[in-house]
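Working notes, beginning with the structure itself.
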Amino acid sequence: MNTRDSGGENEPGKPEAPPSALLSHRSRPARWYRLAMAAVVLAAVAVLGGSGWWLFGGRYLGGYALPDGAIPIGDRDVCANTVTVMLGTDAEMAAVAWALRGDPRVLRSYTETQQDGYARFRKMFANEPELLELTSADTMPSLVTVVPMDQTGIEVLAEQFRVQFPKARRVSESTEFVSRIAGPNYRDPTCPPSGERSR
């Protein structure tokens, strides 16, 4: 008597399963795993909503997607003439940064979130506790600061931005006060071509 027959593996008259069927059966869990992983990735992108594609074209800052060309201003020493677009929210700031991506008028653009602006404000007025009590991150503007390609056309660019971004709280150029003393289109002769001094 064949003891292997007691398990029913080789019952008389029952053909054995072909190897291809066994292989297909074994690979089924792997296929389900791949499908499940794809569903998770798609769900994550759906949760991220419209900003999900920042994974492929930009970076994430302050809860919003920003293009690669937009640099957090932080403590950078920007010495070139600039135009600053002051926005009410980080979402508006992100929208302006994307609108200026690849703009031929722009040499470089910098961003600042409300939270980053608030941190800088607290550092500047650390010895003014009464003023700090009256200020919060929500009251700070979000900024997009642009170094124009044409340093002599800064006032024209500022006016163009006022029309292009009507939701901006304010659009200002860095030469507003300097030009009254040094003359229009003044450029700092010590400023490198990059428009930014290294620290």
Side-chain angles (χ1 to χ4, degrees), residues 45-125 135-179 184-188 191-199:
V45 171
V47 169
L48 288 170
S51 64
W53 48 276
W54 70 268
L55 291 165
F56 308 99
R59 58 186 175 75
Y60 212 53
L61 178 68
Y64 295 93
L66 293 174
D68 289 331
I71 309 164
I73 196 163
D75 295 325
R76 292 174 178 269
D77 186 4
V78 181
C79 54
N81 294 333
T82 59
V83 177
T84 297
V85 183
M86 186 182 300
L87 291 313
T89 66
D90 289 348
E92 292 175 352
M93 177 268 291
V96 169
W98 277 107
L100 294 176
R101 184 189 190 195
D103 193 310
R105 300 169 297 176
V106 177
L107 173 65
R108 186 176 290 105
S109 64
Y110 300 89
T111 58
E112 183 173 77
T113 64
Q114 288 180 293
Q115 192 63 49
D116 289 340
Y118 182 57
R120 184 165 57 87
F121 180 85
R122 290 188 65 85
K123 188 184 296 184
M124 290 173 60
F125 297 98
T135 310
S136 65
D138 293 339
T139 62
M140 303 300 296
S142 296
L143 307 176
V144 177
T145 298
V146 169
V147 176
M149 283 285 191
D150 180 8
Q151 285 283 288
T152 63
I154 191 166
E155 293 180 3
V156 173
L157 183 60
E159 189 57 40
Q160 291 173 352
F161 282 177
R162 291 184 186 103
V163 175
Q164 185 176 355
F165 306 115
K167 290 185 178 181
R169 288 186 183 179
R170 188 166 187 265
V171 177
S172 62
E173 64 267 16
S174 61
T175 60
E176 283 182 24
F177 303 106
V178 175
S179 60
N185 301 324
Y186 172 79
R187 293 185 65 181
D188 183 348
C191 187
S194 65
E196 181 181 342
R197 292 190 183 94
S198 59
R199 289 186 176 272

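Just so it is clear, the model here is predicted, and its values are computed rather than measured.
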All heavy atoms of T113 vs all of M93, minimum pair found to be CG2-CE, 3.8 Å
Side-chain heavy-atom pair E155, E159 within 4.5 angstrom cut-off
no
Checking I73 against L143 for the side-chain contact (heavy atoms from CB on, under 4.5 Å) test, could you report, in this order, the C-alpha distance in whole Å, the side-chain angles of both residues, the deciding distance, and whether it holds?
CA-CA 9 Å; I73 196 163; L143 307 176; over 6 Å; no
Quick one: pull up OG in S142 and CG in D90 and give me the separation to the nearest 0.5 Å.
3.5 Å
Nearest heavy-atom approach of G88 to Q114 is O-NE2, 3.2 Å
G74 backbone acceptor or donor facing D116 side chain under 3.5 Å
no
State the CZ-CD1 distance between R105 and I154, to the nearest 0.5 angstrom.
13.0 Å
Taking it one step at a time, do R108 and I71 satisfy side-chain contact (heavy atoms from CB on, under 4.5 Å)?
CA-CA 8 Å; R108 186 176 290 105; I71 309 164; 3.5 Å; yes
Please identify each residue that fulfils ring pair (Phe, Tyr, Trp, His ring centres under 6.0 Å) with F161, with sequence neighbours left out.
F165
Return the CZ to CZ distance between R170 and R162, rounded to the nearest 0.5 Å.
7.5 Å
On the 0 to 90° scale, with breaks at 30° and 60°, tag the F125-F121 ring pair as parallel, tilted or perpendicular.
tilted
Could you pull out the closest heavy-atom pair between S174 and N81, with the gap in Å?
OG-CA, 3.3 Å
Nearest heavy atoms of P141 and M86, plus distance in Å
CB-CG, 3.3 Å
First locate atom CD of Q151, then atom CG of L107, and finally report the distance between them rounded to the nearest 0.5 Å.
7.5 Å
Any side-chain heavy atom of V78 sitting closer than 4.5 Å to one from T145?
no
Which distance, rounded to the nearest 0.5 Å, do you find between the CZ of R169 and the CD of E92?
8.5 Å
Over all heavy atoms of both residues, which pair between Q164 and L100 is shortest? Give the atoms and the distance, please.
NE2-CD2, 4.5 Å
Distance-minimising heavy-atom pair for T82 and P148
CA-CD, 4.2 Å
Is the closest side-chain heavy-atom distance between V147 and Y110 below 4.5 Å?
yes
